[in-house]
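Just below is one structure, and these are the notes that go with it.
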Amino acid sequence: MSNPDPAASFASTFEFLAANIARPPLHGWLKPQLVALDEQTGEVRMRLPVREEFRRDPDRPDVHGGIITALADMAGHAAVAARVKHGVPTIDLRVDFLRMAAGSMLEASATLVKCGRSIAVADIRITDDAGRLVAVGRGAFSTREG
């Protein structure tokens, strides 16, 4: 017997995705916000309000790389989950940091590159609230349910 479609109880893919993103306890602490979903292109946009706890040094405004990486992972996951309609574990994630990130908000844009029967790949771009590109990434995610 197959599992019921977890997205079926939601009115839209956006609502499913927002609930899926909010579910993990870590995400409850980080508080990412789903901003947009384009089901035609597979692009997802998320924002992360920057808090003092995210700083790499209490005397500097720069955001810790682990927070940026977590945002990249969440955005890549979201791009894949929006297509397959269930949570997807990360297989591999690479993030290249291009400049220090500072400000009050980070935004991630993730685009689905390929979604196969067992693996999907998403490209991710992270910008700061001044629109500067601070990091790019690529993630591979399992598309198998269960």
Side-chain angles (χ1 to χ4, degrees), residues 6-7 9-146:
S9 62
F10 295 95
S12 69
T13 302
F14 187 93
E15 288 179 10
F16 158 74
L17 199 53
N20 184 269
I21 290 166
R23 186 170 167 77
L26 175 64
H27 298 191
W29 180 75
L30 289 169
K31 302 190 184 327
Q33 303 165 349
L34 181 62
V35 175
L37 164 63
D38 184 329
E39 292 186 64
Q40 298 298 325
T41 65
E43 181 182 7
V44 171
R45 285 190 308 121
M46 298 176 66
R47 286 193 186 131
L48 186 65
V50 175
R51 304 192 312 261
E52 288 299 316
E53 307 95 299
F54 296 174
R55 305 292 182 201
R56 68 177 189 89
D57 181 323
D59 299 324
R60 296 184 47 95
D62 310 321
V63 177
H64 191 284
I67 298 295
I68 295 167
T69 301
L71 178 58
D73 187 38
M74 290 184 290
H77 168 274
V80 177
R83 177 68 54 90
V84 300
K85 309 293 192 281
H86 60 80
V88 295
T90 307
I91 295 171
D92 187 45
L93 179 66
R94 175 191 169 96
V95 177
D96 293 319
F97 302 98
L98 306 175
R99 65 169 28 105
M100 292 291 192
S104 62
M105 186 74 66
L106 295 175
E107 184 166 296
S109 173
T111 304
L112 198 56
V113 174
K114 167 97 168 111
C115 189
R117 288 186 310 226
S118 59
I119 295 175
V121 174
D123 282 342
I124 306 116
R125 296 171 57 87
I126 311 284
T127 56
D128 64 12
D129 55 6
R132 294 177 301 203
L133 186 63
V134 298
V136 294
R138 175 168 276 190
F141 303 85
S142 173
T143 59
R144 295 182 185 227
E145 191 169 10

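All residue numbers in this chain count up from 1 along the given sequence. Side-chain atoms are counted along with the backbone in the values below, which use heavy atoms only and exclude waters and symmetry mates.
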Does Arg45 reach the side chain of Glu107, with side-chain heavy atoms less than 4.5 Å apart?
yes

Paired with Phe141, the side-chain contact (heavy atoms from CB on, under 4.5 Å) test is passed by just one of Val84, Ile119, Asp73, namely Asp73

Heavy-atom donor-acceptor pair, Thr41 side chain to Glu43 backbone, under 3.5 Å:
yes

Locate the shortest heavy-atom distance separating Ile124 from Ala110; write the atom from each residue and the value.
CG1-CB, 4.0 Å

Given side chains that start at C-beta, do those of Leu17 and Val44 come closer than 4.5 Å, heavy atoms only?
yes

Matching residue for Ser12 among Phe16, Phe10, Phe14 - test: side-chain contact (heavy atoms from CB on, under 4.5 Å)
Phe14

Quick one: do Arg117 and Arg144 satisfy side-chain contact (heavy atoms from CB on, under 4.5 Å)? Show the steps, please.
CA-CA 7 Å; Arg117 288 186 310 226; Arg144 295 182 185 227; 5.7 Å; no

Taking every non-hydrogen atom, the tightest pair across Asn20 and His86:
ND2-C, 4.4 Å

Can you tell me how far CG of Leu48 sits from NE2 of His27, rounded to the nearest 0.5 angstrom?
10.0 Å

Decide yes or no for Thr69 and Leu71: does some side-chain heavy atom of the first lie under 4.5 Å from some side-chain heavy atom of the second?
no

Contact between Val134 and Phe97 at the side-chain level, heavy atoms closer than 4.5 Å - yes or no?
no

Are the side chains of Leu37 and Glu39 in contact, using a 4.5 Å heavy-atom criterion?
yes

Grab the two heavy atoms, one from Cys115 and one from Ala120, that are nearest each other, plus how far apart they are.
CA-CB, 3.9 Å

Apply side-chain contact (heavy atoms from CB on, under 4.5 Å) to the pair Asp123 and Val136, showing each step before the final yes or no.
CA-CA 8 Å; Asp123 282 342; Val136 294; over 6 Å; no

Is it true that, when you exclude His64 itself, more than 12 heavy atoms of the residues, nucleotides or ligands shown sit nearer than 6.0 Å to its NE2?
no

For residues Ser104 and Asp129, is any side-chain donor paired with an opposing acceptor at under 3.5 Å?
yes

Quick one, Met105 and Val50 - any side-chain contact, counting heavy atoms below 4.5 Å?
no

Side chains of Phe54 and Ile68, heavy atoms from C-beta outward: is any pair under 4.5 Å?
no

Can Asp96 and Arg94 be counted as an ion pair, charged N to O under 4.0 angstrom?
yes

Check the pair Met74 / Met46 against side-chain contact (heavy atoms from CB on, under 4.5 Å), numbers first and verdict last.
CA-CA 9 Å; Met74 290 184 290; Met46 298 176 66; 4.0 Å; yes

Nearest non-hydrogen partners of Arg56 and Met100, listed with the distance:
NH2-CE, 3.3 Å

Looking only at heavy atoms, which two atoms of Ala101 and Leu106 are closest? And how far apart?
CB-CD2, 3.9 Å

Determine whether a donor-acceptor pair (N or O, by modelled atom type, separation under 3.5 Å) exists between the side chain of His77 and the backbone of Val88.
yes

Could you tell me whether a side-chain N or O of Asp38 sits under 3.5 Å from a main-chain N or O of Gly42, the two making a donor and an acceptor?
no

So, for Val95 and Ala135, which heavy atoms are closest and what is the spacing to 0.1 Å?
CG1-CB, 4.1 Å

Under 4.5 Å between any side-chain heavy atoms of Arg138 and Val113, yes or no?
yes

Flag if over 12 foreign heavy atoms under 6.0 Å of CZ, Arg55
yes

